Structure formats: structure tokens, C-alpha cells
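What you see is a predicted model, and the numbers here were worked out from it, not measured in a lab. Remember, it's 1-based here, ligands and their atoms both numbered in the order they're listed. Numbers here are sequence positions counted from 1. Just the heavy atoms: all of them, side chains too, but no hydrogens, waters or symmetry mates, feed the values below.
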Amino acid sequence: MKPVNIGILGLGTVGGGTVNVLKRNAEEISRRAGRKIIVTRASARTLDRERICDTRDIALTTDPFEIVNDPEINVVLELIGGDTLAKDLVLQAIENGKHVVTANKALIALHGNEIFKCASEKGVMVLFEAAVAGGIPIIKAIREGLAGNQIEWLAGIINGTGNFILTEMRDKGRDFADVLAEAQALGYAEADPTFDVEGIDAAHKLTILASIAFGIPLQFEKAYTEGITGITREDVEYAEELGYRIKHLGIARKTDKGIELRVHPTLIPERRLIANVDGVMNAVLVKGDAVGPTLYYGAGAGAEPTASAVVADVVDVVRAMTSDPENRVPHLAFQADALVDIPLLSADDIETAYYLRLTVEDKPGVLADIARILATHQISIEALIQKEPKQHETLLPLILLTQRTQEKEMNAAISEIEALSSVTGSISRIRLETLK
Ligand code: HSE
């Protein structure tokens, strides 16, 4: 059978890693796919740069449109990132009847509904395993492996850079900026690293996971997103004292009222496996009604882990190229005409437990005032640490853990507590999930 010709858009970390894996494992890969897979063309912004891969057998160009318009190319790998040029290229490739594999979470989270519609009309596949959690086959696991379940919730560490920063800060007391610079040098961080530390990258990935878990259209704009820049060393230490770790989690949960879609720093019990996922590693915990909790763990970023997912998608495309489009696995796991519009809940309607850190005056009645306000909002206190004031100091830190409540009740309680004359400054609030 004729080999399948691949055109790669972008020869950076992921593109270079993909070329290397396709070459090194060519024989095994073609034994799996049933055909030879050859990278014939690739585009890059500049041609004279040093690369992590050997490009001697590949025709290079600086114009990616040459590749998507080349009739000899069967499958396009979109590995340039971003959601403007990448979108034009992917839509053009689809228009030309080519299958597409992408690692681009922003593209899928923001424009996936439109892209999949065009792809279905043209009878081509758009696969995106590498867009979520790097090398972990989480899309395939949820879309296919858990197809018999109602997914109740999922929670994941889905940004390697953020997890690397939190881990290094906790273990080595390193500086935020210093660890971020290292993540950038290692090729983990996004082109705009605020996407990593502000949770935008994780929200892109969570949007995709929620769609394939619950059969809903992609709705990135409805995700609640909070970054890790406000986490202090004190919070990390108090959390540990109480038996918790702070992780930057993406959480999607189906409730009676709708679906929660949220990314924020979260205290989780230190005995949970996911609390011990460190460095650039990712993990996703998925709770299905039949299977119970399942955990997927692996490298969430980097050249070859991401290439592993890209190449798996290429093999899937090659195997399915001759199949009837109606009988392929649907892009978002559920048949396109069976997606449902379950409401996505606003931040006010999220239900979770909380860690609160306050600075209070050392005088009688302070704790009673705080407890009274929480009680008025039906918020129950679960644990409390009060530190002794240092010598000659009249202010002391007070740390509270609460039971689950609605975010709007907590917002109201925090405003009232901050207004007490005995409470100084603003309250640090970190959400807490037991992930039972
Ligand atoms: N910047 C991303 C991360 C890359 O750190 O997880 C992988 O999507």
C-alpha cells in the first residue's frame, strides 16, 4: 500500500519531537498502522535554526499554506500553537480534504465547535490527544475506555509548568520567577507564560475534557479561572500542617443544577495519590458511575511525551482513513447531533470547601465574631489553627478550614469578616476538595 504523507506545521519542541519519534519508531509504527508513515514536508518560521530533529529528508518551507494546499499531503500535523494562523491553516486543510492532528488546546477549546462541524461536513478527522495532559492518553481513555459510564466528575493537574513551579517552591523554597524561567528553557511553558500561571492553559484543557466527559459543546468562556500567583509560602506550610497539599486543579463536575467548570489552586488531602504528583507531571482523576475513580498519570509537557500523543493520533487516522466517516469515533465522544446544552454554572454557584487565612487582633471575642458570621451563612468550621503572636506583636494569623458551601455564601461571609475592626487586610481563600 502507498505510504501516508505527513506535512508538519511547526518544527519547535513538539514538531521536532514528533519527527524524532516517527523516525526512530518507524517500523513499529507502520506495523501498527498498516502503512508506512513518512514526513515529506514541514514548515517553520525560519529555516536556518538549530533543531532537535534531523530534517535532511524533509522538504522545508516558511509558508505553511504550501503544505495545507499540497495535494500530495494526506495528513497535516498542526504544531504551531495559537488560535489565529493555526485556525486558518486547519480550516484550509479540512477544506482541502486532509485529516488533521493537532496539539493545540487553545484552538480546540476556542474554535473546536466550528472546526469539528467543518470536518464532519468534509468527512475528515481532527484528532487532538496531545492537546490535553501531554503524553497521557486521557482523551482516548474518556472517549473510548469509559464510554459505558456516566462521568460524575473529573479533576486534574493539567498544566505541567504550574505544577513544576508549585513543587519547586514547596520542596526547595525556590523563587517563582526563577522556576518559571527554567520551565521556559525546558520547553514546557506556553509562548505567553501567563497562560500557564493564570490557569488559562489549564482552562483550555478542562473545557475539552468536560465536553468529551459530558457530551456538551466546548464553552471555554464559561470556565472560572484563577491562577497560582497569589499562593504564598505560608499557605503551603499551613496546608501541610493541616495534612493537605496545594495543587492547581481543573475540576469539572456534574450537579443537579448544571456543570461546574473551574480552575483554581486547591487544597487536597496529602494521602491522595494525585496530591503527590510533582514537577512537570500531570494527572487526571475521573469518576465514572460504573468504574468508580480512575487515575491517569504521566508527563504533561515536553517534546517526546507530547509527540507520543501526536503519533498515536496519526496511527488512528491512518487506520481509519478508509473507514466510512459515519462509523468513526465522534470528535467530542458523543455523536454530534447528541450533544446537549446542560447549563454551565457561574462561579457563585460552585460548591466547595475552603481554607481561609486571616490576620486578626489578639483580643477576646474575635473568634466568636468570625464564627457567628460563618454560622449566619450556614458555613460550618471543620478545623482551625491559631498561632501565638510573636513577641510584642498584637496581630496573629488564624487559619480556618470550612465544610462545603456555595461560593456566594462564602463571598458574603468573607466581606462581612473583612469589615470587622479586629480583622486586618484581606482574607486569603483557597478552595479545598477531598476528591472522595
Ligand atoms: N504549557 C503547557 C504545560 C504545555 O506546561 O502543561 C503542555 O500543554
Q: Tell me which pairs pass salt bridge (Lys or Arg N to Asp or Glu O under 4.0 Å) where either residue lies in residues 283-295, with sequence neighbours left out.
A: Glu152-Lys287

Q: Sorted by first residue and then second, give each salt bridge (Lys or Arg N to Asp or Glu O under 4.0 Å) pair with at least one member in residues 165-186; sequence neighbours left out.
A: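 For residues 165-186, and leaving out neighbouring residues, the salt bridge (Lys or Arg N to Asp or Glu O under 4.0 Å) pairs sorted by first residue read Glu168-Lys172, Glu168-Arg174, Arg170-Glu240, Arg170-Asp278, Arg174-Asp178, Arg174-Glu182.
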
Q: Keeping to residues at least two apart or across chains, list the ring-ring contact (aromatic ring centres under 6.0 Å, His included) pairs with something in residues 124-148.
A: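 Counting only pairs at least two positions apart or across chains, the ring-ring contact (aromatic ring centres under 6.0 Å, His included) contacts touching residues 124-148 are Phe116-Phe128.
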
Q: Side chains of Asp192 and Thr194: is there a donor and an acceptor less than 3.5 Å apart?
A: yes

Q: Can you tell me if Asn96 and Asn69 form a side-chain donor-acceptor pair at under 3.5 Å?
A: yes

Q: For ligand 1, what are the residues with a heavy-atom contact below 4.0 Å?
A: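 Within 4.0 Å of ligand 1, protein side: Lys105, Asn159, Gly160, Thr161, Tyr188, Ala189, Glu190, Asp196, Asp201, Lys205, Gly300, Ala301.
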
Q: Less than 3.5 Å apart, any donor N or O on the side chain of Glu198 or Thr225 sitting next to an acceptor on the other?
A: no

